[in-house]
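Okay, structure first, notes after.
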Number of protein chains: 2
Amino acid sequence: MSNFSIFLKERRKTVGLTQEELASKAGVGLRFIRDLEQGKKSLRLDKVNQVLSLFGKEVGVVDFNS
Amino acid sequence: MSNFSIFLKERRKTVGLTQEELASKAGVGLRFIRDLEQGKKSLRLDKVNQVLSLFGKEVGVVDFNS
DNA sequence: TGTATATGATCCCGATCGGGTATAAAATAG
DNA sequence: CTATTTTATACCCGATCGGGATCATATACA
């Protein structure tokens with residue numbers, strides 16, 4: 001599982017959103033949210049950022065250790 | 001410009017690699033390296049990680065302020 | 001001058017993404 | 001403890017797009 005998979009799944013739950021609600025809020029498909037939370041590796045960067053931006057975050061360079 | 005665009009361009013130069021050499025080392029196309037360093041938004045995550053891993057880094061969640 | 005880089009235009013293959021649907025699991029109601 | 005609803009997972013399909021390869025041109029730089 002990647003880094004944002006966990007981050008997003010937890011954040012979504014703490015704010016009480018369903019996957020479907022998050023999808024429509026972020027302007028992406030439900031399938032994408034599911035792939036994302038499932039840790040799919042080959043997602044598109046802009047789509048991931050589209051979702052992360054709802055939580056004031058974005059994709060960036062990090063070390064292997066979290 | 002995104003975060004890894006700058007990071008990768010600088011790293012590549014400090015280790016003395018051309019875009020072409022980096023591309024073949026990372027197993028991606030030259031065009032991808034160029035798009036990457038130019039900050040293209042819609043790249044695929046796995047490919048970006050493929051390149052970042054050469055420098056012991058990966059893609060992760062970060063704040064808007066770097 | 002030659003080398004590295006940037007940008008644009010194709011073509012082509014394969015994957016992503018979204019929509020729909022069917023199903024499974026979890027939560028809630030009766 | 002069941003029945004119903006909600007939420008999550010899995011699969012197929014079709015349109016779209018990424019990315020590799022290649023050629024061409026333009027610019028920056030050593």
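Proteins get letters first, then strands, A, B, ... in listed order; numbering begins at 1 in each.
Atom-to-atom, CD of A/Gln50 to C1' of C/dC17 comes out at 12 Å; the value is rounded to the nearest Å. Note: CG (B/Leu36) to P (C/dA6) measures 11 Å, nearest angstrom. When the P atom of C/dA9 is taken as reference, atom CG of B/Asp35 falls 14 Å away, rounded to whole Å. In this structure, A/Lys40 atom NZ and C/dG18 atom C1' are separated by 11 Å, rounded to whole Å. Remark: C1' of D/dG18 and NZ of B/Lys41 are 17 Å apart, rounded to the nearest angstrom. Taking atom CG on A/Leu30 and atom P on D/dT6, their separation rounds to 16 Å, with Å as the unit. What separates CD of B/Glu37 from C1' of C/dT7 is a distance of 14 Å, to the nearest Å. Remark: C1' of C/dT5 and CG of B/Leu17 are 15 Å apart, rounded to the nearest angstrom.
In terms of phosphate contacts, A/Lys47 brings a side-chain nitrogen or oxygen within less than 4.0 Å of OP1 or OP2 of C/dG18. Remark: B/Lys9 is in phosphate contact with C/dA6, judged by side-chain N or O atoms under 4.0 Å from OP1 or OP2. For B/Gln19, a side-chain nitrogen or oxygen approaches OP1 or OP2 of C/dA6 to under 4.0 Å. Put simply, A/Gln38 has no side-chain N or O that comes within less than 4.0 Å of OP1 or OP2 on D/dA8.
Residue-to-nucleotide proximity on DNA chain C shows that, of B/Thr18 and A/Ile33, the 5′-proximal contact is made by B/Thr18. The 5' end of DNA chain C is approached more closely, in terms of each residue's nearest nucleotide, by B/Arg34 than by the other of B/Arg44 and B/Arg34.
In A/Glu20, the CD atom is not crowded: 12 or fewer heavy atoms of neighbouring residues, nucleotides or ligands sit closer than 6.0 Å.
The nearest pair of heavy atoms linking A/Ser5 to A/Gly39 is OG-CA, 3.2 Å.
The cluster map of Ile, Leu, Val, Met, Phe, Trp and Tyr, joined by side-chain heavy atoms under 4.5 Å apart, puts A/Leu43 and A/Leu30 in different clusters.
Between A/Arg12 and A/Glu21 no salt bridge is recorded (no basic side-chain N to carboxylate O distance below 4.0 Å). The existence of a salt bridge linking B/Lys41 and A/Asp46 is excluded, since no basic side-chain nitrogen approaches an acidic carboxylate oxygen closer than 4.0 Å.
The base of D/dG20 does not come close enough to the side chain of B/Arg31 for any donor and acceptor atom to sit less than 3.5 Å apart.
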